[in-house]
Each structure stands twice: as C-alpha cells, then as structure tokens.
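Before I ask anything, let me first share the structure, which is written out below as structure tokens.
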Amino acid sequence: MTREKPTGAQDEWTTYLLRIRDERDEAAFIALFRHFAPRVKAFLMRSGTDASLAEECAQEVMTAVWHKAAQFDPARASVATWIFTIARNRKIDALRKQRRPEPEDLPWGPEAEPDQAEVVGLRQECEHLGQALSALPDKQRDLIEKAYFGDLSHREIADATGLPLGTIKSRIRLALDRLRHAMDPKT
C-alpha cells in the first residue's frame, strides 16, 4: 500500500484509520492523534467537562481508537463521527463514575430502627391490602397473584391459562382499579 495522502480530508482520515485497523500503522495513528485529540478535548470542555477530566477522556478515546480500529466501518460512519461517538460515550461513563458513591462513603453498621408508628401503619396497610385482595372475584385475584406475586408477564399468564392476552389485561386492569378504590382512605 502506498503512503500517499488521499484527496480530501475525509478520505485522508479514513485511509489513516484503515491503516491502523489493517496494518497497526503507528505513523497513521500519530497523525490521527495530533488532529483529533485536541478537538476531542475541546468538544468535552465545551460540553461542561473540566480540563483535567477532558484531557483524561481524550487520552482514553484515542487509546480506544487504537484498540478498536477493527470495529471501524467507513460505510457506517465517518472517522470524525466514529471518534466523537466514542468521546461522548466516554464522557457519559466518566460522569456516571463521578456520581457513584465510593465504598467508603456508604453507610456501614446496623440500620436505624424504623419508627414504630411507621411499622404499625405499614402492618395495617398490608392487612387492608390482604382484605381487598380477598374481596376480588376469583378470576381477577388469580391473575393479580400470577402477575405480581408470581412475577409473570401478561404474555406468560396468557400462555399458562390459555386465556386471550386482551382478557388478561382487562381483568388485571379491573382488579387494580378495584384495589385502588379499596385502598383509598377517603372511601
């Protein structure tokens, strides 16, 4: 393969990335790095990332370009689009990592005892829900139990019971409406 520069910037970057992909061409990578790394950093800083994180992300992006060059397909995206998509994804990953609490920040030890009034209120609400469930027609109660206690999807319930999917959904909707009214403290 000749080392001549192709015409047009887009063709040039594609050729360089294909050289990286096919030949692990370090000179082509250096050219891509010199062009795209500062632009990726500027892109990240314009989107609100501080300079040090933007620099770190830009380095990670360009490392990913080297390692993932085999995944580049010029028919699907331009080199710039491909690189800036990697940059956007790295930025999102970095922001998620910043928001994730470190293990030393997590509370350790026994949890505080719940307020007794909350415990009594929750117990009463559970009893009320049990009474409301038992007051449902058998067909509706059975479907609610399968959906919420059996953790089955509507489709799985339809397959298990042989009932049409629309019937399953209607009965569950009616049952939930009855439960909502039964649990409403105003009634």
Closest heavy-atom contact between Val65 and Leu17? CG1-CD1, 3.9 Å
Distance (rounded to the nearest 0.5 Å) between Met62 CE and Lys41 NZ: 14.0 Å
Atom pair CG/CD1 of Leu143 and Ile157 - distance to nearest 0.5 Å: 6.0 Å
Looking at CD of Glu60 and CG of Leu53, how far apart are the two atoms once the value is rounded to the nearest 0.5 Å? 8.5 Å
I need the minimum non-hydrogen distance between Ala58 and Ala37, along with the two atoms involved. CB-O, 3.9 Å
Are Phe36 and Trp13 close enough that their ring centres sit under 6.0 Å apart? yes
Would you indicate whether the side-chain heavy atoms of Trp82 and Lys68 approach each other to under 4.5 Å? yes
Under 4.5 Å between side-chain heavy atoms, hopping through other hydrophobics if needed: is there a path connecting Met45 to Phe33? no
Just verifying a value: how many Å separate Ser170 OG and Leu163 CG, rounded to the nearest 0.5 Å? 11.0 Å
Is any side-chain heavy atom of Leu32 closer than 4.5 Å to one of Val79? yes
Begin from the C-alpha positions of Arg24 and Arg19 and carry the test side-chain contact (heavy atoms from CB on, under 4.5 Å) through to its verdict. CA-CA 6 Å; Arg24 306 308 284 166; Arg19 283 187 198 160; over 6 Å; no
Flag yes if more than 12 heavy atoms outside Glu26 fall under 6.0 Å of its CD atom; otherwise flag no. no
Quick check: do Thr14 and Phe72 have side-chain heavy atoms less than 4.5 Å from each other? yes
Decide, yes or no, whether a salt bridge links Asp142 with Lys146 under the criterion of side-chain N to carboxylate O below 4.0 Å. yes
Taking the side chain as everything from C-beta on, heavy atoms only, tell me whether Glu125 gets closer than 4.5 Å to Leu129. no
Any side-chain heavy atom of Val61 within less than 4.5 Å of one from Phe43? no
Quick one: CZ on Phe84 to CG on Leu44, what's the gap to the nearest 0.5 Å? 8.5 Å
Partner residues of Arg155 under the salt bridge (charged side-chain N to carboxylate O under 4.0 Å, His left out) criterion, sequence neighbours left out: Asp159
Tell me whether the guanidinium CZ or amine NZ of Arg21 lies under 6.0 angstrom from the six-membered ring centre of Trp66 and within 45° of its axis. no
Is any side-chain heavy atom of Thr15 less than 4.5 Å from a side-chain heavy atom of Leu18? no
Under a 4.5 Å side-chain heavy-atom rule over Ile, Leu, Val, Met, Phe, Trp and Tyr, are Leu136 and Tyr148 clustered together? yes
Sorted by chain and residue number, the salt bridge (charged side-chain N to carboxylate O under 4.0 Å, His left out) partners of Arg46 (sequence neighbours excluded) come out as none
Listed partners of Arg178 passing salt bridge (charged side-chain N to carboxylate O under 4.0 Å, His left out), at least two apart: none
From Tyr16 OH over to Glu12 CD, what is the distance, rounded to the nearest 0.5 angstrom? 4.0 Å
I'd like to know whether Arg96 forms a side-chain contact (heavy atoms from CB on, under 4.5 Å) with Ile92, so could you lay out the CA-CA distance, the side-chain angles of the two residues, the decisive distance to 0.1 Å, and finally the verdict. CA-CA 6 Å; Arg96 284 182 183 150; Ile92 291 168; 3.6 Å; yes
Salt-bridge criterion met for Arg90 and Asp93 (N-O under 4.0 Å): no
Okay, side chain of His154, backbone of Ala147: is any donor-acceptor separation there less than 3.5 Å? no
Between the side chains of Glu55 and Gln59, does any donor sit under 3.5 Å from an acceptor? yes
Looking at side-chain heavy atoms only, is the closest gap between Asp138 and Arg141 below 4.5 Å? yes
Identify the two heavy atoms, one from Ala54 and one from Thr49, that lie closest to each other, and give their separation to 0.1 Å. N-CG2, 3.5 Å
Heavy-atom closest contact (Ile83 atom, Val40 atom, distance): CG2-CG2, 3.8 Å
Between Met183 and Ile172, is there shared hydrophobic-cluster membership here, with clusters defined by ILVMFWY side-chain heavy atoms closer than 4.5 Å? yes
Leu176-Leu133 co-clustered via ILVMFWY side chain contacts under 4.5 Å: yes
Residue Asp50 excluded, over 12 heavy atoms near CG under 6.0 Å: yes
Would a hydrophobic clustering, with Ile, Leu, Val, Met, Phe, Trp and Tyr connected at side-chain separations under 4.5 Å, put Phe149 with Leu122? no
Taking all non-hydrogen atoms of both residues, which atom of Asp151 and which atom of Glu156 are closest, and how far apart? O-OE1, 4.2 Å
Cut-off 3.5 Å, side chains only: do Thr81 and Ser78 have a donor facing an acceptor? yes
